[in-house]
There are 2 protein chains.
Amino acid sequence: MIKERLFTPGPVPLPPQVIKALGQQIIHHRTPEFTNIFLQTREKLQKLFNTQRDVLMFASSGTGAMEASIVNFFNEGDKVLVINAGKFGERWRDLGNTFGLNVIDYQIQWGKTYDKEELKKIIEKNPDIKGILVQHSETSTATVHDLKFLAQVSNSLEDCLLVVDGITSVGVYKVYPEEIGVDILITGSQKALMLPPGLSVLYYSEKAEKRLESSKLPKYYFSVKAESKKQAKGQTAYTPAINLIVALNESLDLILNEGLDNLEKRHHILAEMTRQGLQEIGLKLLSESPSNSATAVFTPESLDADVFRKELLKIGIRVAGGQDHLKGKIFRVAHMGYFDYLDIIEVIAAVEITLNKMGYKVELGKGVRKAQEVYLNNI
Amino acid sequence: MIKERLFTPGPVPLPPQVIKALGQQIIHHRTPEFTNIFLQTREKLQKLFNTQRDVLMFASSGTGAMEASIVNFFNEGDKVLVINAGKFGERWRDLGNTFGLNVIDYQIQWGKTYDKEELKKIIEKNPDIKGILVQHSETSTATVHDLKFLAQVSNSLEDCLLVVDGITSVGVYKVYPEEIGVDILITGSQKALMLPPGLSVLYYSEKAEKRLESSKLPKYYFSVKAESKKQAKGQTAYTPAINLIVALNESLDLILNEGLDNLEKRHHILAEMTRQGLQEIGLKLLSESPSNSATAVFTPESLDADVFRKELLKIGIRVAGGQDHLKGKIFRVAHMGYFDYLDIIEVIAAVEITLNKMGYKVELGKGVRKAQEVYLNNI
């Protein structure tokens, strides 16, 4: 018997409290009981985002909330800048194009983050930009993009919204949109919120709210106005994802009880243990600006990463592979959400064992020792 | 202690097999394990619809699949006829208007179905109709609309799609789109499929498929083309509602093992027991064409239905109220999905008790006896 452990960047393992909440008889959404849970959950999301403003929930995957960010706050022909540094950057671009925005596609080599000077040049040439669209943490390359500088740039423009996909950053970092200057922040349930997929979340700023009236793109299922009106009263415009909301109410307790500072610190340590542990045995990271949600690692050059992943699974560790041109080159280890320190020790030990098993000699325990040191030095 | 029993027309109670499937650790969607479950589920949906064609799943509530029916198969300015006989008929109209269709809003008094002659007249005046949009079972009034005549009408037109919201009819009736002549059939998870909300389903005919290429309405999250390509291979374009799909695989077994003929018969008997039992004690039905998924009943004239519902809840029965002008006038009892005969006996007995408790004398056991007779005469 081998126990399969999920280390993929979404979905991530569910805590027992969440599993228990999911495995319950359904309750009706037009009841005081549900309204109460809904409003509690909403308030906890506001705490997570450190805001008093609207935080909406949609019965959809994260991509649905991305679509909501476009169709509610922009118009056909609006010029927007997409920070395109991976698979999900491409999704912003594709969404923008689908709905007729005028997309400036700022392509960045996968694994890198944006260059401030290049960005400034683009902005100088295009002062009429209506939005900057970015992934806080780009999941395909496990890269984090600094939001503060983007907020500064966005604010220097006449009427520009900073739109942030926080799908693999919320619950990993403290992402406080008002402090940072983010106008639209979205996330999804199956990452650091530790739930199954099917629920997405959207915050929008006062500045973004002003766009609601003038936005003419057709919207129905993802209508922010319709949902906003209802959700403030503990209801939803269309049937909510009842059991995911009940479970979110539980998982937010786990997050808020740990505290956002502790949570951010834990994720930093988990990420550092992974990064330093794997580098210690000679593996190279893909990202120059690695995210604390996941780590993308090259396998040794002559070793196909997908073959390696299959071997790794035999000892009980499921990691993700690379996408597009990185397929077969990298593997990605998640450490967001329901993970602790010994989970990382397992992964590193398993990688050491598997490399040796496949003929790539690395000193057994070397990476593990490094990770142990990182833990002791940081905790 | 009072056990609350859910008799609302969605969500409906979950069978233990479904609860068990939901209360499990998550699995990853890019695994052979999930692909296998996804393809099994897809095949079972095809059996449910008696088709070999594409049956897609979306991570959304039923309204999402309604939106998908519009944005993938129609164009701005397309003339469509909406059979508007209740709250969900209005939703077709609103969706049509939102996306710029030219909606003929055929309004029908709530509780009635369409009039064949009137319908023919509308069609004669508008031979260029591109779609007829209808609820098979209109949940707000518990009314079933005959699809066969609509399919005939639709087929008599040059290029018209019959678009059917089967949210409270699939799993209650045998709804075989190819046999009936339905072009687009959608349903949602939290009704007769016996799941929590958050998953919707869409079938489309060969005739509808031809529209995919010419449809210019923007679509991303609800793109039928993108999903169709992926789902045939056991994947989805965006993250699927993993745990609902795992649970649907279980609930479809319950449905298919019962057999569609038996399932249709059971729902017919449940509905007849409810209708005849409640009429026996002097209550009047709202619908002239009552659906087998739910029964809408007037309370005695001087008794506010919402006050009555609160009293009924005290003995353990939660039913739904009326919407809009029917608020306070009617209550709605669901009997779709995870219900059996003794459930109905409970409801009728509780209604008898509650009416007496509130000063409306009805003979105790009279409605129950009628329901028992219906059972014995039909089983």
Side-chain angles (χ1 to χ4, degrees), chain A residues 4 6 8 10-14 18-31 33 58-64 66-68 70-71 76 91 94-95 98-100 188 190 195-200 217-223 236-244 246 318 320-321, chain B residues 4 6 8 10-14 18-31 33 58-64 66-68 70-71 76 91 94-95 98-100 188 190 195-200 217-223 236-244 246 318 320-321:
Chain A
E4 189 176 317
L6 206 53
T8 51
V12 297
L14 311 178
V18 166
I19 294 178
K20 197 177 156 203
L22 292 168
Q24 284 184 124
Q25 186 52 275
I26 198 85
I27 58 169
H28 196 272
H29 53 296
R30 307 278 183 206
T31 57
E33 189 187 356
F58 291 100
S60 78
S61 79
T63 304
M66 290 176 82
E67 179 161 322
I70 303 283
V71 298
E76 259 189 76
R91 190 160 293 177
D94 295 346
L95 270 161
T98 297
F99 291 98
Q190 80 276 20
L195 301 169
L199 187 72
S200 66
L217 283 168
K219 53 196 119 345
Y220 193 88
Y221 188 71
F222 292 119
S223 166
T236 51
Y238 315 117
T239 312
I242 298 172
N243 78 332
L244 291 180
V246 170
R318 180 179 291 280
Chain B
E4 189 176 318
L6 206 55
T8 52
V12 297
L14 311 178
V18 166
I19 294 178
K20 197 176 157 206
L22 291 169
Q24 284 184 125
Q25 186 52 274
I26 198 84
I27 57 169
H28 196 273
H29 53 297
R30 306 277 183 207
T31 56
E33 189 186 356
F58 291 99
S60 78
S61 79
T63 304
M66 289 175 82
E67 179 162 320
I70 303 284
V71 298
E76 259 189 77
R91 188 159 295 176
D94 295 346
L95 269 162
T98 297
F99 292 97
Q190 81 276 22
L195 300 170
L199 187 73
S200 66
L217 283 167
K219 54 197 121 341
Y220 194 88
Y221 189 72
F222 291 119
S223 167
T236 52
Y238 315 117
T239 312
I242 298 173
N243 78 331
L244 292 179
V246 170
R318 181 180 290 281

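Worth saying up front: this structure is predicted, and the values here are computed from it rather than measured. In the text below, chain A, chain B and the rest are named by the order of the sequence lines, each starting its count at 1.
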- Who passes salt bridge (Lys or Arg N to Asp or Glu O under 4.0 Å) against B/Glu4, sequence neighbours left out? B/Arg318
- Item | Top of A/Pro13, A/Gly62, A/Ala241, A/Gly198 for chain B proximity - count of heavy-atom pairs under 4.5 angstrom | A/Pro13
- Query: Is it the backbone or the side chain of B/Ile27 that comes under 4.5 Å from a heavy atom of chain A, or both, or neither?
  - Reply: backbone
- Message: Please give me the minimum heavy-atom distance between B/Pro240 and A/Pro197, naming the atom from each residue.
- Response: O-CG, 3.0 Å
- Under 4.5 Å to a heavy atom of chain A? For B/Gln25 that would be both
- Message: Could you report the tightest heavy-atom contact between A/Leu14 and B/Gln24, atom names first, then the distance?
- Response: CD1-O, 3.8 Å
- Message: Tell me whether A/Tyr221 contacts the main-chain N or O of B/Ser61 through its side chain, where contact means a donor paired with an acceptor under 3.5 Å.
- Response: yes
- chain A heavy atoms under 4.5 Å from B/Ala237: which part of the residue, side chain, backbone, both or neither? backbone
- Message: If we ignore hydrogens and angles and just use 3.5 Å, is the side chain of B/His28 paired with the main-chain N or O of A/Gly10 as donor and acceptor?
- Response: yes
- Let me know if B/Ile242 has heavy atoms under 4.5 Å from chain A in its side chain, its backbone, both or neither. both
- What residue in A/Leu217, A/Leu95, A/Thr8 has the most heavy-atom pairs under 4.5 Å with chain B? A/Leu95
- Task: State, yes or no, whether a side-chain contact exists between B/Tyr220 and A/Met66 at a heavy-atom distance under 4.5 Å.
- Result: no
- Query: How many angstroms lie between atom CG of A/Leu6 and atom CD1 of B/Ile26, to the nearest 0.5 angstrom?
  - Reply: 8.5 Å
- Message: So which residue, A/Thr31, A/Leu199, A/Ile70, A/Leu244, ends up with the most heavy-atom pairs under 4.5 Å with chain B?
- Response: A/Thr31
- Query: Checking heavy atoms, do the side chain of B/Val71, its backbone, both or neither come under 4.5 Å from chain A?
  - Reply: neither
- Which class fits the ring pair A/Phe222 and B/Phe222: parallel under 30°, tilted 30 to 60°, perpendicular over 60°? parallel
- Query: Where on B/Lys219 is there a heavy atom nearer than 4.5 Å to chain A: the side chain, the backbone, both, or neither?
  - Reply: backbone
- Item | Residues which pass side-chain hydrogen bond (donor to acceptor under 3.5 Å, both in side chains) with A/Thr98, listed by chain and number, not counting sequence neighbours | none
- Could you tell me which of B/Ser60, B/Pro11, B/Gly23 has the largest number of non-hydrogen atom pairs under 4.5 Å with chain A? B/Pro11
- Between chain B and each of A/Gly188, A/Gly64, A/Ser223, count heavy-atom pairs under 4.5 Å; write down the option with the most. A/Gly64
